[in-house]
Amino acid sequence: MSGHHQTLALLLFSAFIAVTLGITTWVSRNRRGSAEEFYAGGRLFSPLENGFAIAGDYMSAASFLGISGLIALYGYDGMLYSVGFLVAWLVVLLLVAELVRNCGRFTLADVLASRMSERPVRIAAGTSSVTVSVLYLVAQMVGAGSLVALLLGGTSEAARSWTVVGVGALMVIYVSLGGMRATTWIQIVKAVLLMAGAIAMTVLVLARFHCDFNQLLTSAAERSGHGKDFLAPGLKYGGGWTARFDFISLGLALVLGTAGLPHILSRFYTVPTARAARRSVVWSIGLIGSFYLMTIVLGFGAAAVLGSDEVRKSNAAGNTAVPLLALDLGGGAGSTGGTVLFAVVAAVAFATILAVVAGITLASSASVAHDLYASLRRRRAKQHSEVAVARVAAAGIGVAAIALGLLARDLNVAFLVGLAFAVAASANLPVLLYSLFWRNFTTRGAVWAMYGGLIPAVLLVVFSPVVSGSPEALFPGVDFHVFPLQNPGLVSIPLGFLAGWIGTKTSTERPDEAKHAETEVRALTGAGAV
């Protein structure tokens with residue numbers, strides 16, 4: 001990239017960072033220091049504000065950079081991510097949003113603890129939530145590294161590494177100083193910027209092809225190097241039965257995983273009522289739905305305007321397709337329009353990463369403090385000490401995410417998020433649905449469901465082609481993979497449900513009818529909700 005691109009984009013990066021740090025500082029001066037303030041922002045946000053914040057939390061670097069890149073490289077098969085991420089919100093709206101808001105207080109474990117033995121359930125839920133959050137954070141770190149590497153010429157490994165470190169440091173500052181209130185406002189600002197950027201890019205792509213979507217698809221197929229196969233299923237997931245099962249596995253993970261993501265569940269506690277939580281989801285579905293439709297246009301637009309080979313040449317995983325598309329749409333390298341549009345899109349993508357990592361870090365640090373720490377020191381843990389532990393935990397989680405982000409920097413960010421969704425769907429969703437809808441569910445069933453989904457999901461990823469045995473693996477020089485699928489959801493999700501059922505059936509604990517009845521009434525009516 002030219003010096004003008006670098007300077008303008010870095011100025012816009014700096015402006016967004018300055019604004020968000022200003023928001024964080026302002027919020028930190030006006031906070032009361034309570035757990036409710038830190039974890040839930042005082043429950044003061046309106047459905048519209050929370051809907052924008054949910055959208056800002058969900059529309060991550062994987063969505064903006066990774067999905068468009070996958071579509072640019074693999075055409076029809078890349079669209080699975082757009083469809084899966086969108087359909088998942090129907091599960092959240094119909095099964096989770098209102099019930100979780102009624103039954104919980106700050107975290108997923110609060111929902112389970114309302115009718116189970118508190119300590120083992122909180123420890124298991126906290127462990128699962130932190131694992132999912134760290135996996136999700138890694139994807140954002142990889143996206144940040146790819147973006148800045150492109151900005152600085154695409155060859156600077158040191159720049160990518162320092163970018164990952166810088167993003168990690170900023171997210172710790174956001175969470176430690178501002179808590180949920182600052183994080184929410186950062187996500188709202190980011191959602192507005194991202195929607196504006198995506199709309200502008202989509203309009204320019206359609207204008208390039210005279211609003212003829214058929215011409216866009218035809219051009220994309222021609223420049224992809226795959227011809228008509230680019231527009232048909234099977235380019236990425238059609239090489240054999242293993243690829244087809246991978247396709248099913250990924251689809252299951254994407255559709256079911258959203259309802260188990262800790263940073264999404266925690267957003268339902270920032271509104272005053274369960275009705276407001278449901279209305280928040282309605283607002284977010286409108287924003288998220290329109291955004292994912294635009295990612296399809298941007299992905300095929302990158303293939304049609306740039307060509308798949310050019311996208312792959314810049315970044316093998318396709319993570320830089322959208323910024324390169326912006327450069328071309330604005331007039332090409334060296335033009336003023338290209339410089340401005342590239343810088344704006346790069347800055348919006350960077351804002352996306354910062355906002356999402358703040359939300360994920362807050363959710364995971366809340367799990368460490370509110371679930372793990374408070375369970376291990378139940379008698380002496382107080383709200384103010386929980387908040388202090390949460391701030392320390394944010395730093396620890398930031399260090400872990402930085403280390404893993406440096407290790408996984410050559411993988412596609414949408415693919416990495418798919419792994420996080422698989423773990424969430426395997427460990428968190430079964431226990432959540434059982435707890436809300438199964439009268440005889442017990443503590444052993446809850447613990448077994450979480451560990452029975454979490455441990456197989458993580459192990460299957462470790463022994464899959466993602467980690468070893470392929471040129472694109474984390475460790476390409478070794479081969480210890482024994483599981484053929486890249487996404488573990490097809491196996492680990494049923495194992496989570498099965499483990500919960502077996503644990504309940506073999507438990508000697510008698511289900512507490514009164515607690516279940518209380519939870520059921522509270523979930524459906526909101527009576528007694530915080």
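Just so you know, these numbers come straight off a predicted model, no measurement behind them.
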Are side-chain heavy atoms of Ser468 and His481 found at a separation under 4.5 Å?
yes
What class does the angle between the rings of His226 and Phe230 fall in, given that below 30° is parallel, 30 to 60° is tilted and above 60° is perpendicular?
parallel
CD1 on Ile397 to OG1 on Thr361, rounded to 0.5 Å
7.0 Å
Report the distance from atom CD1 of Ile54 to atom CE of Met59, rounding to the nearest 0.5 Å.
11.5 Å
Please give me the minimum heavy-atom distance between Phe45 and Val271, naming the atom from each residue.
O-CG1, 3.4 Å
Begin with the C-alpha distance, continue with both residues' side-chain angles, and end with the deciding distance and a verdict on side-chain hydrogen bond (donor to acceptor under 3.5 Å, both in side chains) for Thr295 and Ser68.
CA-CA 6 Å; Thr295 62; Ser68 300; 5.2 Å; no
Below 4.5 Å, heavy atoms only, C-beta onward: do Glu222 and Thr218 meet side chain to side chain?
yes
For Val423 and Leu454, run side chain to side chain contact (heavy atoms under 4.5 Å, CB included): C-alpha distance rounded to whole Å, both residues' side-chain angles, the deciding distance at 0.1 Å, then the answer.
CA-CA 6 Å; Val423 177; Leu454 176 65; 3.6 Å; yes
Exercise: identify the closest heavy-atom pair between Val132 and Pro262:
CG1-CD, 3.8 Å
Can you find a pair of side-chain heavy atoms, one from Val305 and one from Val205, that are under 4.5 Å apart?
no
We want to know whether Ser426 and Ser492 form a side-chain donor-acceptor pair, criterion being a heavy-atom distance below 3.5 angstrom.
yes
Using atom types as modelled and distance alone, determine if a side-chain donor or acceptor of Ser133 lies under 3.5 Å from a backbone N or O of Val130.
no
Are more than 12 heavy atoms, taken from residues, nucleotides or ligands other than Phe209, located less than 6.0 Å from that residue's CZ atom?
yes
Would you call the rings of Phe463 and Phe480 parallel, tilted or perpendicular if under 30° counts as parallel and over 60° as perpendicular?
perpendicular
Do Tyr58 and Thr258 get their side chains close enough for a donor-acceptor pair, meaning under 3.5 Å?
yes
Flag, side chain of Ser219 to backbone of Leu216, donor-acceptor distance under 3.5 Å:
no
Who are the side-chain hydrogen bond (donor to acceptor under 3.5 Å, both in side chains) partners of Ser365, not counting sequence neighbours?
none
Polar contact flag, side-chain donor to acceptor under 3.5 angstrom, Ser46-Arg279
no
Between Ser284 and Val281, is there a donor-acceptor pair closer than 3.5 Å when you use the side chain of the first and the backbone of the second?
yes
Atom CZ of Phe245 and atom CD of Gln486: how far apart are they, to the nearest 0.5 Å?
15.5 Å
Quick one: does Gln187's side chain get under 4.5 Å of Phe52's, heavy atoms only?
no
Quick one: does Arg267's side chain have a donor or acceptor within less than 3.5 Å of a partner on Asn50's backbone?
no
Between atom CG of Asp328 and atom CZ of Arg208, what is the distance when rounded to the nearest 0.5 Å?
5.0 Å
Taking the side chain as every heavy atom from C-beta outward, state whether Glu49 and Ile188 have any pair of such atoms under 4.5 Å apart.
yes
Are any non-hydrogen side-chain atoms of Leu206 and Val297 less than 4.5 angstrom apart?
yes
Can you check whether Leu459 reaches Phe483 side chain to side chain, under 4.5 Å on heavy atoms?
no
Start with the C-alpha distance between Phe421 and Leu256, add both sets of side-chain angles, then the distance that settles side chain to side chain contact (heavy atoms under 4.5 Å, CB included), and finish with yes or no.
CA-CA 8 Å; Phe421 273 59; Leu256 299 178; over 6 Å; no
Around atom OH of Tyr292, are there more than 12 heavy atoms of other residues, nucleotides or ligands at under 6.0 Å?
yes
Of all heavy-atom pairs between Pro456 and Gly452, which one has the smallest distance, and what is that distance?
CG-O, 3.0 Å
From Asp77 CG over to Leu250 CG, what is the distance, rounded to the nearest 0.5 angstrom?
10.0 Å
Search all heavy atoms of Ala302 against all heavy atoms of Leu325 and return the closest pair with its distance.
N-CD2, 3.9 Å
Rounded to the nearest 0.5 angstrom, the CE-CD1 distance for Met450 and Ile455 is 11.5 Å
Please give me the minimum heavy-atom distance between Leu341 and Gly330, naming the atom from each residue.
CD2-N, 3.9 Å
Are side-chain heavy atoms of Leu231 and Tyr76 found at a separation under 4.5 Å?
no
Please name the pair of heavy atoms, one in Ala72 and one in Ser308, separated by the smallest distance, quoted to 0.1 Å.
O-OG, 2.7 Å
